Amino acid sequence: QPIVTALARAKRWQEMLDAGEVASVTDLAERLNVDRSYASRILRLSLLAPDVVEAILAGREPSGLSLAKLTQTIPVLWHEQREMLGFPPV
């Protein structure tokens, strides 16, 4: 559940940035009354490969995948994300 909640937040927060509702991650964090570092970590989830997000939402994530692992620095390239997080290659 924490991962699904974080993915939903990432999507919504990225939409807020894209729509110009907030000007920056700092503004977002202040508006939501959360730490800027936390907001940044959650927003990184919006960069996950779509198939990775789909698998997580369907409950098909690899055993041992945690929010802590997802919010560490992850590669931008989707194939590298899959490898690092334990998902099969596409």
Side-chain angles (χ1 to χ4, degrees):
Q1 287 293 49
I3 294 175
V4 173
T5 300
L7 288 171
R9 284 182 180 151
K11 181 173 175 38
R12 174 64 185 130
W13 296 357
Q14 187 61 55
E15 288 171 351
M16 291 171 71
L17 284 163
D18 293 344
E21 291 178 46
V22 291
S24 66
V25 176
T26 301
D27 290 344
L28 175 72
E30 288 175 3
R31 182 170 176 180
L32 299 172
N33 198 31
V34 298
D35 185 75
R36 185 188 184 292
S37 175
Y38 172 75
S40 294
R41 287 191 311 272
I42 296 300
L43 277 167
R44 276 196 296 255
L45 298 177
S46 66
L47 301 175
L48 286 172
D51 59 293
V52 169
V53 173
E54 183 180 314
I56 291 169
L57 295 177
R60 297 188 320 265
E61 70 274 1
S63 178
L65 185 65
S66 66
L67 184 55
K69 187 169 186 176
L70 279 175
T71 55
Q72 62 181 280
T73 302
I74 58 170
V76 175
L77 298 177
W78 290 348
H79 71 277
E80 291 177 4
Q81 289 177 11
R82 290 181 196 100
E83 183 180 328
M84 177 186 162
L85 297 172
F87 285 87
V90 175

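None of these values were measured; they are calculated from a predicted model.
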Which atom pairs, one a donor and one an acceptor, fall under 3.5 Å between side chains of residues 54-64 and the rest of the protein, sequence neighbours left out?
none

Donor-acceptor pairs under 3.5 angstrom involving side-chain atoms of residues 67-75: please list them, not counting sequence neighbours.
from: Thr71; atom 1: OG1; to: Leu67; atom 2: O; distance (Å): 2.9
from: Thr71; atom 1: OG1; to: Ala68; atom 2: O; distance (Å): 3.4
from: Gln72; atom 1: NE2; to: Lys69; atom 2: O; distance (Å): 3.3

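Applying the side chain to side chain donor-acceptor pair (under 3.5 Å) criterion to Arg44, with sequence neighbours excluded, gives no partner residue. Under the rule for a side chain to side chain contact (heavy atoms under 4.5 Å, CB included), the partners of Leu32 that lie at least two apart in sequence or sit in another chain are Trp13, Leu28, Val34.
Cluster annotation: Val52 and Val4 are assigned to the same hydrophobic cluster (Ile/Leu/Val/Met/Phe/Trp/Tyr, side-chain heavy-atom contacts under 4.5 Å, transitive). At a threshold of 4.5 Å between side-chain heavy atoms, the hydrophobic network of Ile, Leu, Val, Met, Phe, Trp and Tyr places Leu47 and Leu45 in two separate groups.
Between Leu7 and Ile42, every side-chain heavy-atom pair lies at or beyond the 4.5 Å cut-off. The side-chain heavy atoms of Val90 and Trp78, taken from C-beta on, include no pair separated by under 4.5 Å.
The list of salt bridge (Lys or Arg N to Asp or Glu O under 4.0 Å) pairs with a residue in residues 34-43, not counting sequence neighbours, is empty. Within the structure, the salt bridge (Lys or Arg N to Asp or Glu O under 4.0 Å) test picks out the following pairs touching residues 5-30 (sequence neighbours left out): Lys11-Glu15, Arg12-Glu21. Sorted by first and then second residue, the pairs that involve residues 80-90 and meet salt bridge (Lys or Arg N to Asp or Glu O under 4.0 Å), not counting sequence neighbours, are Asp51-Arg82.
The minimum heavy-atom distance between Val25 and Ser40, with the atom names listed, is CG1-OG, 3.4 Å. Closest heavy-atom contact between Ala29 and Ala39: CB-CB, 4.2 Å.
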